[in-house]
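Values in this document were obtained by computation on a predicted structure and should not be read as measured data.
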Amino acid sequence: MNFKFKPILNLSFMGWLTVALASYYFVRNPLTPLLVAREWLPLGSSVGVVVEAAVNLMCAVWLYGVAFSLGRPLVKRLARLTGLETVLFAIPIGWGIIGLPLLALGLLGLLTTPILSGYALIISMPLAYQLIYQRPKLDGVMAHCRQHRWATLYFSLTLMIGLGLTLLPPTSWDGLFYHLTGPKLYLEAGGIYPGRDIPHLSFPSLYSIVFMLVMAVRGDIVPQLLHFGNYFLIIGLVYGTARRHLGVTNGWLAGLAVATLPMLLTLASWAYNDLALAFYANGAFYAYLCYREEGVGAEGRGWLIISGLCAGLAMSLKYTSFIAPLTIGLYILWQHRREPMVAMRQAFIFSAPAILIALPWYLKNMAFMGNPFYPFVFGGPFWNEFRAVGYAAAGTGLGQNPLSLLLLPLTITLGYDFVNGMQDASADGLTGPLFLLLLPPLLYLVSRYRRRPHPEYGAVVPLALFALAQTVVWTAGAFNSGALFQTRLMLAAFVTLAPLVALLYERLPRYDVTIQRIVQVAWGFILVMTLVHHVGECFVYQPWAYLSGGETREAYLQRRLPGHYRMMQYIDEALVDEATVLMLWEPRSYYCERDCRPDSILDSFGNFIYLYEDAEGIVGAWEEMGVSHVLIFQAGFDHLDSQEALAYDAVSLNRQLLDQLKADYLEQVTTTPGYELYEVRDE
């Protein structure tokens, strides 16, 4: 390919590459955790702890096998799948087969140990049958692993690092907030019941329901292992997309592209559902692309049903998942726009399984809260105008400044908005610089195949538009609300782009071999630095101490959650069973064994002011609620106040009224770093 200004373009790209790498690693230096001095914990010699970790791992492998054995007959019946595709779709669809009956048991109030143990035994029977009589062969999957030894080595290293982090007791924010807290509350109550002011428990929660089963059988570490498995499902999915739909010779390139996202392994080690959502959204689109290849016949119909199942399972995880089924539905209608009846029929084939799979979660909300999308749109119990306005935080986002939109790729990569001074400082949203530095040639690649479509690369534009749709939705949210300025919510879009990055790399020699080699060196450097980042995480967590028995679970939690866990211990040990603890500016209640009422969206204090106006009215409301103690996360209050956090107004952070309550109505019981526990005085 000849360009008149080729030297200028090459120099421009080199300059862009240099700026992208330098700016990212200046802001996000992965060497920092390695250079910070800390007290190194010694190895232990406890065989029991090692055995416990092995049992947890075996439990996760068992449940993955159960999911595969339940999903495999269905997907094999629907379409002709390769060995890799069978694994990729059987396991995620198997989670739905496991989760929906569990939801039914919970709604019926049947979450008892005998029933759940019996359920675990029943769903294990297909796995036992297949292992004894069918023995599914995964030779095709292993063949893919042998094709590129360097990629296999890299993912083996990430596997070891990831397992070291995943086998630790849970300390992640959202895990302790609701992903693990919900299942814990359901198991304690023996069923799924309404009545708790934790809006996130009303969100679609397929993964939390599956977590509930393993928490009843084994404990709270296995849920992290279940989420961790999605790391490799995503690697396999982008590999398959690059090979089947883009004709990329080395599909491992797509896996290595998505592996440059530091957030991928970080999120995988937590009991979240972000990786599962990214897989289901992209799995649904993968199946739709297969339908495009096969046509409207029986084979194509099977792929369309699989796409609908994945879309429905995505909608069973988060409200924001709507973009995947909506985009696919529009694609189906556009594809058959000249045949209206065919378009409607195919759209129904796709949407029927999607709706049927997702519907139970929304019906549950309708029955419990009177709103299928609680707390959004129609409101409901525990919700009012103050909370709706505060949670939406409208007008606090990136703004409508055209410069913000122009700098958006840099903002997403660095996690910092240079126009408005906003920052996403969380470690769970790091993107790495690869996608930023390859953005200009990637845009050119897409535009080229848009103008000159090629049968072999027919999925280029659809994949690009699917990534664009997800990016537009994220951008709209981030521009409107500072609370949505979280780059981890864009994970699905990066997964979509990874196969296109692989195609771009293979096409670069047609433009300039030297540029490909430069990109290869930069790519390798980024992969090494991503690995260094994860090694740095290990230096922070020091998993070797806990996993070898050198550190107890209690000591680990006290080290990682110093003030929080000590306060939870005090509440559990010192307060009577009947105590009711109202938590202010603290949403994490997982380790509290008393009736702890978390501040789910950090607006409880402001909401009390909105409803009852003064200190006397607020204390009267607490007495009616049966509140005996108030836990104040003072460090959280101070942080929000000093940062002028976008989602919280002056009402929620009324320090003067808080001081009045402390002086006149509360008596301090104890403190830990960042926390103050008070008892409500009897008047």
Side-chain angles (χ1 to χ4, degrees), residues 51-70 91 94-128 166-172 174-196 198 200-229 270-273 276 316-317 360-361 364 553 557 568 572 588-596:
V51 171
E52 181 181 1
V55 172
N56 286 333
L57 185 57
M58 289 172 60
C59 184
V61 172
W62 158 74
L63 201 57
Y64 261 88
V66 169
F68 176 76
S69 67
L70 292 173
I91 293 174
W95 295 133
I97 298 174
I98 293 172
L100 287 176
L102 279 173
L103 175 63
L105 290 175
L107 294 175
L108 293 173
L110 299 176
L111 298 181
T112 63
T113 300
I115 290 177
L116 290 176
S117 300
Y119 180 74
L121 181 62
I122 291 172
I123 62 175
S124 299
M125 291 180 179
L127 174 62
T166 307
L167 286 165
L168 296 171
T171 57
S172 58
D174 282 2
L176 303 186
F177 169 22
Y178 69 101
H179 287 300
L180 295 175
T181 301
K184 173 194 167 187
L185 294 174
Y186 302 152
L187 291 172
E188 289 176 349
I192 300 175
Y193 303 110
R196 286 195 172 268
I198 306 179
H200 295 66
L201 297 188
S202 295
F203 293 0
S205 51
L206 170 65
Y207 250 52
S208 292
I209 293 296
V210 178
F211 291 168
M212 181 184 67
L213 176 64
V214 292
M215 288 173 68
V217 174
R218 179 60 198 162
D220 56 12
I221 292 178
V222 180
Q224 298 179 150
L225 290 165
L226 296 185
H227 190 237
F228 179 72
W270 298 344
Y272 281 26
N273 61 13
S316 300
L317 292 174
W361 306 99
K364 174 184 77 72
R553 176 184 171 98
L557 291 172
M568 296 302 106
D572 296 342
R588 298 167 296 172
S589 61
Y590 176 71
Y591 287 115
C592 180
E593 299 301 329
R594 297 291 174 259
D595 182 9
C596 285

In terms of ring plane angle, is the pair Phe203 and His200 parallel, tilted or perpendicular, where the classes change at 30° and 60°? tilted
Indicate the atoms forming the closest heavy-atom contact of [X] with [Y], along with that distance.
| X | Y | value |
| --- | --- | --- |
| Pro170 | Leu557 | O-CD2, 3.8 Å |
| Ala60 | Leu225 | CB-CB, 3.6 Å |
| Leu201 | Gly182 | CD2-CA, 3.5 Å |
| Pro360 | Leu100 | CG-CD2, 4.1 Å |
| Met215 | Leu180 | CE-O, 3.7 Å |
| Gln224 | Thr166 | NE2-O, 2.7 Å |

Begin from the C-alpha positions of Trp95 and Leu70 and carry the test side chain to side chain contact (heavy atoms under 4.5 Å, CB included) through to its verdict. CA-CA 9 Å; Trp95 295 133; Leu70 292 173; over 6 Å; no
Run the salt bridge (charged side-chain N to carboxylate O under 4.0 Å, His left out) test against Arg594 and tell me which residues pass, sequence neighbours left out. Asp577
Return the [atom1] to [atom2] distance between [X] and [Y], rounded to the nearest 0.5 Å.
| X | Y | atom1 | atom2 | value |
| --- | --- | --- | --- | --- |
| Cys59 | Leu226 | SG | CG | 7.5 Å |
| Ile97 | Leu102 | CD1 | CG | 12.5 Å |
| Leu167 | Phe228 | CG | CZ | 9.0 Å |
| Arg196 | Leu185 | CZ | CG | 4.5 Å |
| Leu116 | Leu105 | CG | CG | 7.0 Å |
| Ile98 | Tyr119 | CD1 | OH | 6.5 Å |

Could you list the residues that satisfy side-chain hydrogen bond (donor to acceptor under 3.5 Å, both in side chains) with Asp174, not counting sequence neighbours? Arg488
Could you check if a side-chain atom of [X] sits within less than 4.5 angstrom of a side-chain atom of [Y], using non-hydrogen atoms only?
| X | Y | answer |
| --- | --- | --- |
| Val222 | Val217 | no |
| Val210 | Leu63 | yes |
| Phe68 | Leu127 | no |
| Glu188 | Glu593 | yes |
| His179 | Tyr207 | no |
| Val214 | Pro223 | yes |
| Tyr591 | Cys596 | no |
| Trp361 | Ile209 | yes |

Is a side-chain N or O of [X] found less than 3.5 angstrom from the main chain of [Y], in a donor-acceptor match?
| X | Y | answer |
| --- | --- | --- |
| Thr181 | Leu176 | yes |
| His227 | Trp270 | yes |
| Ser69 | Val66 | yes |

Worked verdict on Phe177 versus Ile198 for side chain to side chain contact (heavy atoms under 4.5 Å, CB included): CA-CA 9 Å; Phe177 169 22; Ile198 306 179; 4.0 Å; yes
